[in-house]
Every structure is written in structure tokens, then in C-alpha cells.
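I'd like to ask some things about the structure below.
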There are 2 protein chains.
Amino acid sequence: MLAIMSDPGSAHQFDSVFHRTERRRSQPSLTRERIVEGTIALLDRDGARALTMRKVATELGVHATSLYWYVKRREDLVDLAVDGILAEAAADLPAPDAPWDTAIRETARRYYAALTAHTWAAEFAGSRPLIGPNAVTLGRRIVNALHGLGDEEQQAVAIRAVSNQIIGAATSAVAMQTTKAHASHEHEAVMDTAVSEPDGLAVEHTYFDKALDLILEGITARHDA
Amino acid sequence: MLAIMSDPGSAHQFDSVFHRTERRRSQPSLTRERIVEGTIALLDRDGARALTMRKVATELGVHATSLYWYVKRREDLVDLAVDGILAEAAADLPAPDAPWDTAIRETARRYYAALTAHTWAAEFAGSRPLIGPNAVTLGRRIVNALHGLGDEEQQAVAIRAVSNQIIGAATSAVAMQTTKAHASHEHEAVMDTAVSEPDGLAVEHTYFDKALDLILEGITARHDA
DNA sequence: ACCTGAACACCGTTCAAGT
DNA sequence: ACCTGAACACCGTTCAAGT
């Protein structure tokens, strides 16, 4: 969830990996960074269901219990991995002086693209609060873009409309994708839309842009009034 | 995901509980209906993490392995439970001749309310395709409401904008809620927004209405042009 | 047709012990 | 400070056996 970005202070009240500092020595065989890389590699290769402490450990050539020196629980791996792939999106954001609507379009697009590029990320994003540093960076860019458009409440509404669109679109696109993947596997004669739409994710991506435009038009209409 | 509702045909290609007919005899001690009720009761009481085959079985006074006569896998329980709580929303929908915008507002509102009333439902909805009968009923009501507003593509865009808003808002609201719950447990001095906002879900509910209005204004603006 | 019971191959997590 | 190894209390699922 992105809503926290309108209220960054409350993030400090929540026990999350991102608030716990990492313990480390001079030459450890493990690092939180290495763990995150291994987790992402595993997830990209074998999917969300493959995320177990034991498999991540095997991926890194250590024992499962070693991971607990660096993270507190399995969910931490999820949170770190999701925020990890958001790094792609959080780097290279639109310039601060960009027009508000193109700033939102660009940021939202990158956010959505990162989540759908790693299907597991979209799956997890629906059930975990998105309060990692990269998620916060992305959220702030949207907040800044809307700053000055209407009063505070109008901004809060616009922020939620955009955020919800990103999360909702990403999870829906991925769920639809995996649905069709199942279908193709289980029926040999594939005569459904999976054929007429060779790349469902690409189609959804353009729908995402257009749905976002709808929201931006709504904001504009309200702002001009 | 709701996107399937714009393409009901493809649902038949996917191996889901909803396509498998139930086996039953005259007086079985178990029923798919009883199982769903027990699952929902368990989830409402103990939360999403408590959903295990063994606990559901205990809830119903049978052995875990007995459940496999009625469902194929654990995920089936998730899908059935989520669609189960959507029954509240799918019953008593706005009349077919209601104005399109109030029809959408009412339907979306009920959909969102059902998902947030059972926090586990919102959590699961983000990672499972919403293709149960009640989800389909709700989706169809939205599709029907938009029928005739613009060409087919404009309708598809509007459908996605509304659907994504429902899913995104529900998952965000619930994630935020649980975040704050954690905070209250782990810090004795609760001086964050959880205090100034005694009922976060209620606040989010009114934000949901307003964000949805933004989308409806976008649709109107486009339609009038 | 329905339900049990044993069994298999896993899980996450704790914790004492090693270095 | 970091990592191992054993151990605990779970999991989902299959399948032969009962009725």
C-alpha cells in the first residue's frame, strides 16, 4: 500500500525490516544485500511459491538458520525483495520541474512496470505494506507532483486515486496473466484470448496508461472548476 | 482481479474451484457449503495466517484429509471464502435502470466494503483472480453500467479504472490498518495517527468514495467531449 | 460415496554450540 | 560477530484402507 506516503511519520511506529539496522562485520560470507539478490534471483527463476528460507539459503550456499542473523522473519525477505525491484523504478525519476501530469504519468508507469516485470512482486505487493525506501521515493514523487493542486484533502484524494490504480492494475494484470498461463498448460487446444492476445501484459500496459489518463482528467476537471 | 469480467469466456479455460462440480451424497457430514462457512468463521476469528487445512478441519470436527473430497487444494478454500463474503455485496445490487454513475458508485462501494470488512479477504484478493460467481455478478453490474458510454475501448478503460480502484483501495486500506495495529502493539506510547484517526478504515472509506468520484468525473469529461 | 490414518516431504523458527 | 546443527512444532498432500 502506498497510502503511507501521505503520512511518512507513522512509518516509524511499525516493526519492519526497514527500521532495523543491519549488523555486520569485516568480511562476512553473507550480507543483507547478498541475501536480497539471492532472493530476487530465486523468485525470478522459480516464482513466489519457491520463497522459503531453506531455498534462499541453498541459493546462497549457507544454512537456513544463518539468514536469521540478517533478517527477523521470512516476511522480511518479501519486503526487501519487493523494494529491491522497485529500485529500477525509483532511480531516474522525472525532474522536479517537470509538468505535474507528465511527472505522475512517468512515475506511475515506472512503478507499474517494475511490479509487473516481476510477477511475484505484484502478488506480494497486494498483501504487504509498501513502505521500503524505494517505495517511499516513488510515493514522494507523486505527492510532490500533486502539491499545490487543490487543498490538502483534494491532494489526499488524488494521491490515493493514483496509488490505488498502480497497485490494483499491477495485481490484476499479473493475476490475469497467471490465469491464462494455467489455462494454456491444462488445455492443449488453446483457443481463448491467450492466442489473440500474444502478450497480455503489454496490452494491459497500454490500458494502464489510459486508465491513468482518466484519473488525470478527473483531477484536471476538478482543479479547473 | 476483476479484469476477467470484460472477457467472461476465458474463465472457462482456467482450472478453478468454480468450474469443478461438487460431489455429494444424501447425508454427508461435510458439504462444500459447510466448509466455506467454517473457513470464513476461522478467518474472521483468527486471521489470514490461520488458514490451514488442519485448522479448518478441526473447526468442522473432521480430519484434514477429508476436505480433499470436496476441494482440490488449499487455494480453493481461499477462493471460496473470498467469493463467499462477496455474497453480501452481490445481493441487492442497484436496479438495472439506475443512472450509470450511481450504479457504479453503489456497486463499487459494496464491493470495497465487503473486502475491507473481512481484512483477510482484501489480503487474498490481491493475489488471487476474482472469478467466483459473486465477483462475476459484481463485475457484470459495473460493465452494464458503463455499457453505451463511448466505444468499446473507452468502456474497457473505464472498467479497468474502476476495478483497479476497488482492489487497490481495499488492499491499501487493509495493509495500512494492519500496519497501525502492529504499531499499537509494539509501542506502548501510541502517539501517531492511529490516535487522531480512531477508525482508519472509516476514514479510508470516505476517501474511497471521493477517489471514485474523481474517476467518474474523468469518464464524464471524456464522454461529454 | 465418503471419511480415516498413516505417511511423505516439506515448512519457519529457536537456541545452544561452535569458531 | 557470525554460522552451524539439532530440534520443535508445524505444514499440504497422497493414498490405501475402512465403512
Side-chain angles (χ1 to χ4, degrees), chain A residues 15-17 20-39 42-43 45-82 120 123-124 127-128 182 186, chain B residues 15-17 20-39 42-43 45-82 120 123-124 127-128 182 186:
Chain A
D15 177 38
S16 156
V17 228
R20 276 175 252 124
T21 52
E22 184 186 3
R23 299 181 262 189
R24 58 191 312 175
R25 68 173 166 189
S26 43
Q27 293 300 339
S29 73
L30 239 41
T31 320
R32 188 175 272 185
E33 200 186 352
R34 269 201 73 213
I35 292 173
V36 176
E37 285 171 12
T39 305
L42 176 69
L43 285 166
R45 177 160 30 84
D46 299 333
R49 306 192 53 163
L51 181 57
T52 72
M53 301 303 280
R54 292 168 206 257
K55 281 179 186 158
V56 171
T58 302
E59 184 88 12
L60 298 165
V62 297
H63 286 207
T65 50
S66 307
L67 300 172
Y68 288 89
W69 185 259
Y70 297 89
V71 298
K72 203 172 177 185
R73 31 178 129 73
R74 194 195 96 113
E75 283 173 328
D76 290 355
L77 295 185
V78 173
D79 292 346
L80 290 167
V82 171
W120 50 268
E123 286 178 57
F124 287 137
S127 58
R128 299 290 310 161
H182 273 243
E186 308 208 357
Chain B
D15 176 38
S16 156
V17 227
R20 275 175 254 125
T21 52
E22 185 187 3
R23 299 182 262 189
R24 57 190 313 173
R25 68 172 167 190
S26 44
Q27 293 300 338
S29 72
L30 238 42
T31 319
R32 189 176 272 185
E33 199 186 354
R34 269 201 72 213
I35 293 174
V36 176
E37 284 170 12
T39 304
L42 175 69
L43 284 166
R45 178 161 28 84
D46 299 334
R49 306 192 52 161
L51 180 56
T52 71
M53 301 301 280
R54 292 166 205 260
K55 281 179 184 158
V56 171
T58 303
E59 185 87 13
L60 298 166
V62 298
H63 287 208
T65 50
S66 308
L67 299 173
Y68 288 90
W69 184 259
Y70 298 90
V71 297
K72 202 171 178 185
R73 34 174 179 272
R74 194 195 97 113
E75 283 172 329
D76 290 354
L77 295 185
V78 173
D79 293 345
L80 289 167
V82 170
W120 50 269
E123 286 179 57
F124 288 137
S127 57
R128 299 291 309 160
H182 273 242
E186 309 209 356

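Side-chain atoms are counted along with the backbone in the values below, which use heavy atoms only and exclude waters and symmetry mates. Chain naming here is simple, since letters A, B, ... match the order of the sequence lines and numbering starts at 1 in each.
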(message) Quick one, B/W120 and B/V82 - any side-chain contact, counting heavy atoms below 4.5 Å?
(response)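 With C-beta onward as the side chain, the pair touches.
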(request) Could you check how far CH2 of A/W69 sits from C1' of C/dC15, rounded to whole Å? (result)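 About 13 Å, once rounded to whole Å.
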(message) Between C1' on D/dC10 and CZ on A/R74, what's the gap in Å once rounded to a whole number?
(response)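 Atom-to-atom, A/R74 to D/dC10, this comes out as 15 Å.
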(message) Measuring from the side chain of B/H63 (C-beta onward, heavy atoms only), which nucleotide among C/dC3, C/dT4, C/dC11 has the closest atom?
(response)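 Nearest to the side chain of B/H63 among the choices is C/dT4.
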(message) Any side-chain N or O of A/K72 below 4.0 angstrom from OP1/OP2 of C/dG12?
(response)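 False: A/K72 side-chain N/O out of range (4.0 Å or more) of C/dG12 OP1/OP2.
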(message) Using the side-chain heavy atoms of B/R54, tell me which of these nucleotides is nearest: C/dC3, D/dC3, C/dA7.
(response)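 Shortest atom-to-atom distance from the side chain points to C/dA7.
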(message) For D/dT14 and B/T65 - does any side-chain N or O of the residue sit under 4.0 Å from the phosphate oxygens OP1/OP2?
(response)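 So the side-chain polar atoms of B/T65 never come under 4.0 Å of the phosphate oxygens OP1 or OP2 of D/dT14.
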(message) Whether the side chain of A/R73 and the base of C/dG12 hold a donor-acceptor pair under 3.5 Å is what I'd like checked.
(response)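 Per atom types, no contact qualifies.
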(message) Less than 4.5 Å apart, side chain to side chain, heavy atoms only: is that true for B/W69 and B/L30?
(response)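 Sidechains of B/L30 and B/W69: no contact.
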(request) Indicate whether OP1 or OP2 belonging to D/dT4 is found under 4.0 Å from a side-chain N or O atom of A/Y68. (result)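 Checking A/Y68 against D/dT4: no side-chain N or O falls below 4.0 Å of OP1 or OP2.
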(request) Report the C-alpha distance between A/D46 and A/K55 in whole Å, list the side-chain angles of each, state the deciding distance to 0.1 Å, and finish with yes or no for side-chain contact (heavy atoms from CB on, under 4.5 Å). (result) CA-CA 10 Å; A/D46 299 333; A/K55 281 179 186 158; 5.9 Å; no
(message) Looking at A/R45, I'd like to know if its CZ atom is crowded, meaning that more than 12 non-hydrogen atoms belonging to other residues, nucleotides or ligands lie closer than 6.0 Å.
(response)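 Yes, enclosed.
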(message) Say we look at C/dC8 and D/dC10: how far apart would their C1' atoms be, to the nearest angstrom?
(response)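 Result for the C1' pair: 15 Å, nearest Å.
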(request) In whole angstrom, give the distance that lies between atom CG of B/D46 and atom P of D/dC11. (result)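 After rounding, the reported distance stands at 12 Å.
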(request) To the nearest Å, give me how far apart CD (B/E75) and C1' (D/dC11) are. (result)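 Spelled out: CD on B/E75 to C1' on D/dC11 is 15 Å.
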(request) Please tell me if the side chains of A/D76 and A/R73 come closer than 4.5 Å, counting only heavy atoms from C-beta onward. (result)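 Touching, per the 4.5 Å side-chain cut-off.
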(message) Take N1-N3 plus N6-O4 or O6-N4 for Watson-Crick, N1-O2 plus O6-N3 for G-U, both under 3.5 Å. Which runs of 3 or more such pairs involve DNA chain C?
(response)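 Detected stem regions: C:4-8 with D:12-16, C:12-16 with D:4-8.
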(message) Base, sugar-phosphate or nothing for A/L51? Non-hydrogen atoms, less than 4.0 Å.
(response)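 Sugar-phosphate: the residue A/L51, judged by heavy atoms under 4.0 Å, touches backbone atoms but no base.
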(message) Between C1' on D/dC15 and CG on B/L67, what's the gap in Å once rounded to a whole number?
(response)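 Atom CG in B/L67 sits about 16 Å away from atom C1' in D/dC15.
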(request) Would you mind telling me which residue lines up with the more 5' stretch of DNA chain D, A/V62 or B/M53, judged by nearest nucleotide? (result)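 The residue whose closest nucleotide sits nearer the 5' end is A/V62.
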(message) Can a donor-acceptor pair be found, under 3.5 Å and without considering hydrogens, that links the side chain of B/R74 to the backbone of B/L51?
(response)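 Yes; at least one donor-acceptor contact below 3.5 Å.
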(message) Need one value for A/T52: base, sugar-phosphate or nothing, where a base atom within 4.0 Å counts as base even if backbone is also close, heavy atoms only.
(response)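 It contacts sugar-phosphate atoms only.
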(request) Give the rounded distance in Å between these two atoms: CZ of B/R32 and P of C/dA1. (result)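 Value for this atom pair: 16 Å.
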(request) May I ask you to test the A/M53-A/L77 pair for a side-chain heavy-atom distance under 4.5 Å? (result)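 Heavy-atom side-chain distance check passes, below 4.5 Å.
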